[in-house]
Number of protein chains: 2
Amino acid sequence: MTGAGRPAPAPAAAWRDFPPLALAPPLAGALQAFVELGYHGATIRDIARRAGLSVPGVYHHFPSKQHLLVALLDLTMDDLLTRSRQARAQGDGPVERFSRVVECLALFHMHRRDLGFIGASEMRSVAEPARSRIAATRTEQQRMVDDEVEEGCRRGLFRAPHPHEAARAVVTLCTALPQWWSPSGPQSAELVAREYVDFSLDLVRAAR
Amino acid sequence: MTGAGRPAPAPAAAWRDFPPLALAPPLAGALQAFVELGYHGATIRDIARRAGLSVPGVYHHFPSKQHLLVALLDLTMDDLLTRSRQARAQGDGPVERFSRVVECLALFHMHRRDLGFIGASEMRSVAEPARSRIAATRTEQQRMVDDEVEEGCRRGLFRAPHPHEAARAVVTLCTALPQWWSPSGPQSAELVAREYVDFSLDLVRAAR
DNA sequence: GAGACGACCGATCGATCGATCGGTTGCGAG
DNA sequence: CTCGCAACCGATCGATCGATCGGTCGTCTC
């Protein structure tokens with residue numbers, strides 16, 4: 001499945017490339033239903049209808065409704081972490097690394113808006129032990145921003161009085177993007193992402 | 001019920017005063033259950049148990065589960081709007097008015113964390129026409145910040161390149177506070193509120 | 001062309017959901 | 001003492017939930 005096609009023509013900015021998301025029908029149906037109704041509000045019949053399947057048709061591919069949610073969240077965090085690591089690896093110095101990770105976070109939460117939305121809103125519906133595992137990857141994502149802010153402060157490039165709080169504010173801004181940004185709105189994802197990099201540089205009081 | 005007791009000794013900063021929230025038992029139970037499980041995940045039996053009542057005991061006071069949610073959201077927006085108007089009325093000039101409204105928003109989402117949390121997360125579970133009504137009050141709250149930012153930019157006190165976007169970012173930061181702030185954490189609500197006023201002044205690029 | 005198997009579906013399971021019914025209790029007014 | 005009513009409760013309603021059962025259909029193998 002993975003590894004087919006795509007000769008990876010521009011690996012330099014693969015983290016900025018968001019091809020149309022191709023999910024298996026049950027996952028795509030579950031994603032839509034969870035976004036509109038929430039995990040508990042969505043029914044298996046709902047999901048099956050959106051997937052163009054019967055109820056047993058869904059259960060043929062996934063053993064339970066809970067597994068659908070976990071699969072979506074795993075897929076989300078895998079993609080986000082991979083992109084963030086690429087984005088950071090490309091940056092030179094804390095300011096550039098910070099800026100690219102923020103841009104990546106913002107782009108992801110707009111181009112993968114639905115995934116980002118349930119990633120932020122449905123964690124409480126995930127049963128253990130999956131919850132702890134996924135929460136750990138979210139912590140790792142947060143720490144990636146934390147580290148750059150702290151390093152920037154140490155080198156005098158940022159002047160945030162409370163680096164940790166500023167980093168949390170930056171991540172919060174990006175993860176909240178799916179709540180209001182829409183592809184049919186007036187602003188493109190790329191424009192907003194640049195704007196949010198500026199916002200984030202303001203929040204950490206980067207030297208201008 | 002309201003209007004009893006409290007001789008209003010310090011009306012000057014009533015919007016900064018957060019006495020322990022005294023909700024009717026079914027509302028308090030519903031609030032806890034909604035926060036922990038979400039609207040659809042919470043059952044009437046859950047709510048009744050937390051309220052120390054039987055199921056019909058809950059229905060004696062509220063006609064449906066939906067009414068419990070709407071009552072909580074109405075109560076939330078009433079309190080928040082009242083406080084915000086007081087906070088703004090006290091300020092002199094756009095900078096001070098902006099700062100006070102942000103402080104009010106931040107304080108509310110920490111001292112009334114649970115209410116603020118479901119206010120942000122359970123809007124999609126509200127049926128029409130209540131949803132439109134409550135959404136309108138949230139728009140009014142947003143506009144209150146919008147207006148001050150725009151006025152500040154017009155007078156040259158703020159230098160936000162995109163005032164509307166900056167205002168949305170400010171509100172987003174405050175409404176996300178219930179997601180991570182905890183009264184048992186290391187920082188007091190008042191400290192964080194001051195910090196968030198600073199963050200917000202950074203976001204609108206207030207002259208320092 | 002026989003057999004195995006993946007990909008489904010109609011029918012239905014027990015459990016649980018939100019909501020309701022017909023009571024019982026306690027208290028304040030007359 | 002009795003009436004009226006607010007404040008409940010045990011039992012139960014029909015509907016719907018997540019999940020499962022046994023079966024069908026097409027395709028691929030040998």
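Below, all heavy atoms of this structure are taken into account, side chains as well, without hydrogens, waters or symmetry copies. Lettering follows sequence order; numbering is per chain, from 1.
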Between the protein and nucleotides 12-18 of chain C, list every N/O to N/O distance that falls short of 3.5 Å.
residue, atom, partner, partner atom, Å
C:dG18, OP1, B:A42, O, 3.2
C:dG18, OP1, B:K65, NZ, 2.8
C:dG18, OP2, B:I44, N, 2.9
C:dG18, N7, B:R45, NH1, 3.0
C:dG18, O6, B:R45, NH2, 3.0

Between the protein and nucleotides 22-27 of chain D, list every N/O to N/O distance that falls short of 3.5 Å.
none

Interface polar pairs with nucleotides 3-7 of chain D, N/O, under 3.5 angstrom:
residue, atom, partner, partner atom, Å
D:dA7, OP2, B:H60, NE2, 3.4

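Every residue two or more places apart in sequence or in another chain was checked for a salt bridge (charged side-chain N to carboxylate O under 4.0 Å, His left out) with A:D78, and none qualifies. Every residue two or more places apart in sequence or in another chain was checked for a side-chain hydrogen bond (donor to acceptor under 3.5 Å, both in side chains) with B:E96, and none qualifies. When the salt bridge (charged side-chain N to carboxylate O under 4.0 Å, His left out) test is applied to A:R112, no partner is found at least two apart in sequence or on another chain. Residues meeting the side-chain hydrogen bond (donor to acceptor under 3.5 Å, both in side chains) test with A:E150, sequence neighbours left out: none. Every residue two or more places apart in sequence or in another chain that forms a side-chain hydrogen bond (donor to acceptor under 3.5 Å, both in side chains) with A:R133 is listed here: A:D74. A:H67 meets the side-chain hydrogen bond (donor to acceptor under 3.5 Å, both in side chains) test with A:S64; sequence neighbours excluded. Partners of B:H111 by ring pair (Phe, Tyr, Trp, His ring centres under 6.0 Å), not counting sequence neighbours, listed by chain and number: B:F18.
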(message) Taking Watson-Crick (N1-N3 plus N6-O4 or O6-N4) and G-U wobble (N1-O2, O6-N3), each under 3.5 Å, can you produce the dot-bracket string of DNA chain C? Use [ ] for crossing pairs and | for inter-strand ones.
(response) ||||||||||||||||||||||||||||||

(request) Could you give me the CA-CA distance, side-chain angles and deciding distance for A:E128 and A:R131, then say whether salt bridge (charged side-chain N to carboxylate O under 4.0 Å, His left out) is met? (result) CA-CA 5 Å; A:E128 295 292 357; A:R131 195 211 312 251; 3.5 Å; yes

(message) Could you go through B:M110 and B:Q187, starting from their C-alpha distance and side-chain angles, then the distance that decides it, and tell me whether this counts as side-chain contact (heavy atoms from CB on, under 4.5 Å)?
(response) CA-CA 11 Å; B:M110 288 181 281; B:Q187 306 158 102; over 6 Å; no

(message) Using side-chain contact (heavy atoms from CB on, under 4.5 Å), reason through B:D46 and B:R49 one step at a time and then give a plain yes or no.
(response) CA-CA 5 Å; B:D46 233 346; B:R49 186 176 41 80; 2.4 Å; yes

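Residues A:E103 and A:R16 are paired through a salt bridge, judged by an N-O separation under 4.0 Å between the basic side chain and the carboxylate. The pair A:E148-A:R100 does not count as a salt bridge, with every side-chain nitrogen at least 4.0 angstrom from each carboxylate oxygen.
Under the 4.5 Å side-chain criterion, counting only non-hydrogen atoms from C-beta, B:R85 is not in contact with B:W15. Looking at B:E165 and A:Y196, their side chains never come closer than 4.5 Å, going by heavy atoms from C-beta outward.
Heavy-atom distances under 4.0 Å link DNA chain C to no residue of residues 24-38 of chain A.
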